[in-house]
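Remember, predicted model here, so these are calculated numbers, not experimental data. Every chain is numbered from 1 and lettered A, B, ... according to where its sequence line falls, protein lines coming before strand lines.
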Number of protein chains: 2
Amino acid sequence: MLPEWVNNLTTKDKILETARMLFMKEGLEGVRMQMVADEAGVNKGLLHYYYKSKDKLFTAVFNKVTSDLLKSIGDIFDNEEVSLEEKIDYAVDAYFSFLSKNPRIPVFFIFEINRDSGILKRLGFGDKVKGLIESASHAFPNEKDPDFIFHFVFTLVSLSVFPFMVKPLLKEITGSEEKATTFLDSRRSIVKTTLKNMAIS
Amino acid sequence: MLPEWVNNLTTKDKILETARMLFMKEGLEGVRMQMVADEAGVNKGLLHYYYKSKDKLFTAVFNKVTSDLLKSIGDIFDNEEVSLEEKIDYAVDAYFSFLSKNPRIPVFFIFEINRDSGILKRLGFGDKVKGLIESASHAFPNEKDPDFIFHFVFTLVSLSVFPFMVKPLLKEITGSEEKATTFLDSRRSIVKTTLKNMAIS
DNA sequence: GTCTATACGGCGATAGAC
DNA sequence: GTCTATCGCCGTATAGAC
């Protein structure tokens, strides 16, 4: 159930990593401390020893996940000075690749910000995103206005994230996991084309 | 907290409607039977009298929500024989309007299908969606191939639904509920333009 | 149909031995 | 640091009066 590499971590990190996987799938209230202990192969008492309470453990997980998420968006614009077309190809590929490796992050994040609307303020997440948009704008020809940049990135994220979030439905419609994955991949070129159309208009 | 019209319902429906609102925000495990009873202004025993168990109540809610969701997609293509451009305008406006009235449905639905992957099969939801895509395809000039139709509808839904799901983040970034709503509205024309570009290519 | 009282289990959390 | 035992509460569900 757990990936191999988790076994090499310290007990504290092993707990955090296990909790991350469980919380991402089941949400805060769907997870039992006993589950985390069992999955991680450690004693339940240790969870409280290291993280004090379930809420604190959850917050630690949420922080980890959101920092991964922010970094992933930052990374996709972090490429050399090439043509706009190439930048778009690179960005879409990078984002799809991140989502393939972390398919649960978007649903988790979106569920949580809708359930507990204060969480973004507590983490100062709004400012971090603003900084990120700022730096993303450097990837574009500077004649474009800020509003356009924001809409452009927003479209990129919408089109890339949504297919991964509805993958269970795609699996049900297409009839198999493989066909759903194939469809996901066929979306990639649609996203690229759509963004290129948007950039030249 | 509850809308006025709920008071006119039978006790059974009052419970269902209250449960729907709570489950949509908090998820299955985040809701207490006592909460539902208190919000609905009825006795907790009645919840079991009418719905037997929490799980059964939840399933009743999920059924109600998904049938609303399916109907909303069906409706947006249910317009007269006008030009493709007008159809797109109509479809986007109709879908945005539905989402404004039911902003929580997408997050709820997506969270649930990812948490309990068997739920779609149990409800026969895949077939219902396939039938819907079929009927949606009649809204398009018949020279288009089925794959294109599917991608087109998928793009429409992706671009429309995503902004509503991240509204708490938009609120945090823009600084106020009103500005977030304004941004949501500015997305509407982007979605229309994007779809028109896609249709003519 | 509606309400009260209560049974029963599960869960988060702590104390304390090793 | 790790493990066992246990406390106390909370939540679902039921029994039974009205």
Base, sugar-phosphate, or nothing for B:Val36, non-hydrogen atoms under 4.0 angstrom? nothing

Would A:Leu47 and A:Gln34 satisfy side chain to side chain contact (heavy atoms under 4.5 Å, CB included), going step by step from the backbone distance to the final call? CA-CA 9 Å; A:Leu47 273 61; A:Gln34 190 64 59; over 6 Å; no

Phosphate contact (D:dT14 OP1 or OP2) by B:His48 side-chain N/O below 4.0 Å: no

Under 4.0 Å from OP1 or OP2 of C:dG1: is there any side-chain N or O of B:Thr11 that close? no

For residues B:Glu86 and B:Ser83, is any side-chain donor paired with an opposing acceptor at under 3.5 Å? yes

Please report, rounded to the nearest Å, how far the [atom2] atom of [N] is from the [atom1] atom of [X].
X	N	atom1	atom2	answer
A:Ile15	C:dA13	CD1	C1'	15 Å
B:Met33	C:dG9	CE	P	19 Å
B:Leu47	C:dT2	CG	C1'	12 Å
A:Glu29	C:dG10	CD	P	18 Å
A:Asp38	D:dT2	CG	C1'	16 Å
B:Gln34	D:dG11	CD	P	9 Å
B:Tyr51	C:dT2	OH	P	12 Å
B:Leu46	D:dC18	CG	P	18 Å

All N/O pairs under 3.5 Å across the protein-nucleotides 4-10 of chain D interface:
| from | atom 1 | to | atom 2 | distance (Å) |
| --- | --- | --- | --- | --- |
| D:dT4 | OP2 | A:Asn43 | ND2 | 3.4 |

Ion pair check, B:Lys64 and B:Glu17, cut-off under 4.0 Å: yes

Which class fits the ring pair B:Phe183 and A:His151: parallel under 30°, tilted 30 to 60°, perpendicular over 60°? parallel

Relative to the ring of B:Phe125, is the ring of B:Phe109 parallel (under 30°), tilted (30 to 60°) or perpendicular (over 60°)? tilted

Quick one: on DNA chain C, does B:Lys12 or A:Tyr49 contact a more 5' nucleotide (nearest heavy atom)? B:Lys12

Taking the six-membered ring of A:Tyr51 (Phe, Tyr or Trp), confirm whether the NZ or CZ of A:Lys12 is under 6.0 Å from its centre and within 45° of its axis. yes

Pair B:Phe77 + B:Tyr90: ring centers closer than 6.0 Å: no

